[in-house]
Q: 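First, the structure itself, so that you have it in front of you.
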Amino acid sequence: MGELVQKVELMGSDLPWLEGLREKGAVFFEKQGLPTAKTEAWKYTRPRDLLADDFILPPLEEEKENACTCGEHCTCGHHQREGEDFLLQAYVIDFENGALEHIAHNLPRGVTIKPLIEAIYEDDGIRKYLNKSFDMEKNPFAALNTAYLEQGLFITIEKNVMLDKPLALVHHSFSCHENLMFHLRNVILLEEGAKAEIVEYYNYSGNEKSRYFTNIVNELYIGRHAELNHYKFQDEAFKAVHIAYNAVKVKGEGRYNGFCLQRGGNLARNETHVSLTEERAEAEINAAYIMNGWAVIDTTTDVEHLAPYTKSTQLVKGVVGGQAKGVFQGKIHIAPMAIKTEGAQLHKALLLTDEAEIDVKPELEIYNDDVKCSHGAASGELDADQLFYMRSRGIGEEEAKQILVDAYLQDVLEKINNQDIKDWLAAKAKLAK
Amino acid sequence: MKTPLLEIEDLCARVADKEIIKGFNLTINEGEVHAIMGPNGAGKSTLSHVLCGKPGYEITSGTVRYKGKNLLAMAPEERAREGIFLIMQYPVEIPGVPVTTFLKHAVNAIRQHRHEPELDTMEFIKLLREEGKKLGINPDMLKRPINVGFSGGEKKRLEALQLAILKPQFSILDEADSGLDVDAMKVVAEAINAERTEHNAMLVITHYQRLLKDIVPDYVHIYADGHIVASGNKDLALEVEEQGYAQFLKEK
């Protein structure tokens, strides 16, 4: 059995503070270990395969050519599938197996995108934000991510700058003979009045049976009156593990609007913690998941209302087929001084088979009376009469199911403000890939 | 020489443990319109559901051949693609699915089966508008979710519209007049009559004779206790109208 914390040489090992931080990450991870059934925050989603799979970091650049040793007649799958490109209008940043490949040219004035390690060496403000948005003691995977701090981006959108196109972080992953793990950290800063759309797209190239482990931590800082629209499509290979932690801090009258569609992976979790730290900060967290086979897909949210007049809404909808399991854990915390706040949360799931399962855990922690707060959960099945009606008009059973699933997911997809992205994700939210 | 389209022999079917259809026999040839009349609870709707392949019914014996093929072995969508169409007594509401979207899927599924090219959106909308106009269907109605908030009349007009654009060879009308006022009935009946050709056939299932004034059948069968107890021409329907079903039930 492999260990997840391994002795490897990373860039920046000559910086004592960075080495110290990595070490701290390793210690906090080992202290907590992998979550088990007894870990409350991971009650329904157990990352069972991580030790058995002997994950290693991807080979270094110079060894990369040898990563696939099959040559022209590849059998391992490396060359079986090209990763799908992001085709919408955007400033594209490409990653392959967790390593930065390319950053779009012609970025507008006021937008800076740097490789994380470069920003660390330049030490131009990143230390104020790096690892400052979450607690490593409570987040084993974020701690592990810190132990491998190296890859990722530092993005700054300056004061009052409004991006004309989304930034698209496109990730292509595959593994060959070895099972690979990638630890990515993005620190994204929207200064006062800035406005941006960011798309994260995780898809695989190579063999669909690739086993790899993606571990992402995003630290998102939204300034006063700033607005971030954060879209994500998780479409990893079906044996992959994908664990993402989004730590979001929103200042006064700032706004975070997140939407995540998850469809891939054997085990996947998208966790979003939003802190509304000043008056009238707002967050919207919407998500959809569609799954088959034996997958476990987890959507976890935690919204902290720490100031008066803050507002949050959440709508999460899932479609679960096969023997798959959907998990939703949603927490709303309202602090004593956060009067006149509003928090609303709704989870709905459609179960397509008798073996499909959902586990839902809503939690409200409200420490003052002057709030409006609600949560709800519902699950159902496809309506047999509706299916028959469509089939009696010549529509095949699978097509009829898809039409009903499209109708089911319509309201949550409508939450996406960007029409192109809405159309793209609607086209991807299908039962058959 | 008559060509049989649908041949039902000794059909028995049940729901859960209850026998509903008991030894039902009927042959319908191309070009013929048959009416089946019977008291409530005789299993008339069950017959229409079994012929269309609705899940939940168990066929315990008998055969049904459609164009010489074993109908009972076909999935509901295959039956529809082969030209069977059911005007439902209670059309189903499907929230979130606009009429246009649904019908485009249906038309193209059937065209694909007939090896005809799929209609593009413009052609399809044109067809839908033209046929809809004949039925007095407002284009706004086509944008709304299927049957959601439709009046009884609107639901039946939508069924008739589907009949007009899917062009089935064998139509089953299950209480097609329920929920319709006299004027709406005229419009719907006209659309149904327009589909009567020497190759098409129909099975009209009804409790009342009134529908048969607008859609005049070639044959009328009285259905009670799971099978046909009397057969005749359209005059038999008038007899029922005057004397009720009791006489046929007694004969048994």
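Quick note on labels: first sequence line is chain A, next is B, and so on, each numbered from 1.
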Q: Does B:K54 NZ have over 12 foreign heavy atoms under 6.0 Å away?
A: yes
Q: CD1 of A:I403 to NZ of B:K104: how many Å apart, nearest 0.5 Å?
A: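 Spacing of CD1 (A:I403) from NZ (B:K104) equals 11.0 Å.
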Q: How are the rings of A:F388 and B:H49 set to each other: parallel, tilted or perpendicular (split at 30° and 60°)?
A: perpendicular
Q: Would you name the heavy atoms of A:G394 and B:A80 that are closest together and state the gap between them?
A: N-CB, 3.2 Å
Q: More than 12 heavy atoms of other residues, nucleotides or ligands under 6.0 Å from NZ of A:K311: yes or no?
A: no
Q: Write down the atom of A:D385, the atom of B:V92, and the distance for their closest heavy-atom approach.
A: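 Closest approach of A:D385 to B:V92, heavy atoms only: O-CG2, 3.8 Å.
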Q: What part of B:E78 lies closer than 4.5 angstrom to a heavy atom of chain A: side chain, backbone, both or neither?
A: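 For B:E78, neither part sits under 4.5 Å from chain A.
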Q: I need the A:S392 OG to B:L166 CG distance, nearest 0.5 Å.
A: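 A:S392 OG to B:L166 CG: 9.5 Å, rounded to 0.5 Å.
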Q: Are the side chains of A:R391 and B:C52 in contact, using a 4.5 Å heavy-atom criterion?
A: no
Q: Using a heavy-atom cutoff of under 4.5 Å, enumerate the residues of residues 108-144 of chain B that contact chain A, numbered in order, or state 'none'.
A: B:A109, B:I110
Q: Using heavy-atom distances under 4.5 Å, tell me whether B:I146 contacts chain A through its side chain, its backbone, both, or neither.
A: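 Just its side chain gets close to chain A.
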Q: For the residue pair A:R393 and B:F85, would you count it as a cation-pi contact if the rule is NZ or CZ under 6.0 angstrom from the ring centre and within 45 degrees of the ring axis?
A: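 Yes; both conditions hold, so A:R393 lies above the ring face of B:F85.
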Q: Does any backbone or side-chain atom of B:P95 lie under 4.5 Å from a heavy atom of chain A? Answer side chain, backbone, both or neither.
A: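 Contact with chain A involves both backbone and side-chain atoms of B:P95.
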Q: When you look at CD of A:E355, are more than 12 heavy atoms from neighbouring residues, nucleotides or ligands closer to it than 6.0 Å?
A: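 It does: A:E355 CD has more than 12 such atoms within range.
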Q: Any side-chain heavy atom of B:I94 within less than 4.5 Å of one from A:Y389?
A: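 Heavy-atom side-chain distance check passes, below 4.5 Å.
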Q: Within a reach of under 6.0 Å around NZ of A:K361, are more than 12 heavy atoms found that belong to other residues, nucleotides or ligands?
A: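 Counting other residues, nucleotides and ligands, NZ of A:K361 exceeds 12 neighbours.
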Q: Can you name the closest pair of heavy atoms from A:I395 and B:E77 and give their distance?
A: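 Scanning both residues completely, I find the closest heavy atoms to be O-CB, 3.4 Å.
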Q: Might you point out which heavy atoms bring A:G396 and B:R81 nearest each other, and give the distance in Å?
A: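 Distance-wise, the nearest heavy atoms are N-NH2, 3.1 Å.
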Q: Which atoms of A:Q386 are under 4.5 Å from chain B, going by heavy atoms: the side chain, the backbone, both sets, or neither?
A: both
Q: Using a 6.0 Å cut-off, check whether atom CD of B:E58 has over 12 heavy atoms from anything other than its own residue.
A: yes
